[in-house]
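Quick note: residue numbers are just sequence positions, from 1.
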Amino acid sequence: MDFRKAFDIVPRDLLWQVLAEIGIMGQFMQCLQSMYNQDSVKVMHPIEGLSARFSCGIRVKQGCPLSPLFFGLYPDGLEKHLDALDGDTPPQLADIVVKLLLYADDLALMSETPQGLQKQIDALSEFCVER
């Protein structure tokens, strides 16, 4: 799976929830949220041109130094979610179970059986809906 538009898919209300779960609260959380309170966007339509400005409740800001961290924290619980799967047979590398690989905006799920891989795909879909 390639998260080509990775920064565009993060719902902010769920991002704040993830940050709270790892212990970010109080004034620091309020400071982070204030960076996004007045965030708005315009859309370029090929025929109608530039739209009116409207507020946006998803995505992290392009070019913001915190955005890669925010995106990285968002799917962080996926490994725990996959560990809870029954009947999955992930491959091992030097006695280390490898269920998934994450690098930049790419994710690779791994299993030794098609059924195990399908379970992981279903769990990934479930995880994304829960998040």
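- Annotation: side chain to side chain donor-acceptor pair (under 3.5 Å) contacts of Q118 (sequence neighbours excluded): D122.
- Partners of E48 under the side chain to side chain contact (heavy atoms under 4.5 Å, CB included) rule, at least two apart in sequence or in another chain, are H45.
- M25 contributes atom CE, which lies 10.5 Å from atom CG of L19 (distance to the nearest 0.5 angstrom).
- Between L101 and M110, some side-chain heavy-atom pair lies under the 4.5 Å cut-off.
- Atoms CD1 and CD, on I22 and Q17 in that order, are 12.0 Å from each other to the nearest 0.5 Å.
- Taking Ile, Leu, Val, Met, Phe, Trp and Tyr as members and joining any whose side-chain heavy atoms lie under 4.5 Å apart, directly or through other members, the hydrophobic cluster of M44 also contains L50.
- Inter-residue side-chain proximity for L109 and K99 is flagged as unmet; no heavy-atom pair is nearer than 4.5 Å.
- The shortest distance between side-chain heavy atoms of F70 and V18 does not fall below 4.5 Å.
- Counting heavy atoms from C-beta outward, L15 and L32 have side chains that stay 4.5 Å or more apart.
- Cluster annotation: I24 is connected to M35 through the hydrophobic network of ILVMFWY side chains, with a link wherever side-chain heavy atoms come within less than 4.5 Å.
- Here the side chains of F54 and V43 are in contact, with some heavy-atom distance below 4.5 Å.
- Heavy atoms of other residues, nucleotides or ligands lying less than 6.0 angstrom from CD of Q92 number more than 12.
- Both Y36 and M29 belong to a common hydrophobic cluster when Ile, Leu, Val, Met, Phe, Trp and Tyr are linked at side-chain heavy-atom distances under 4.5 angstrom.
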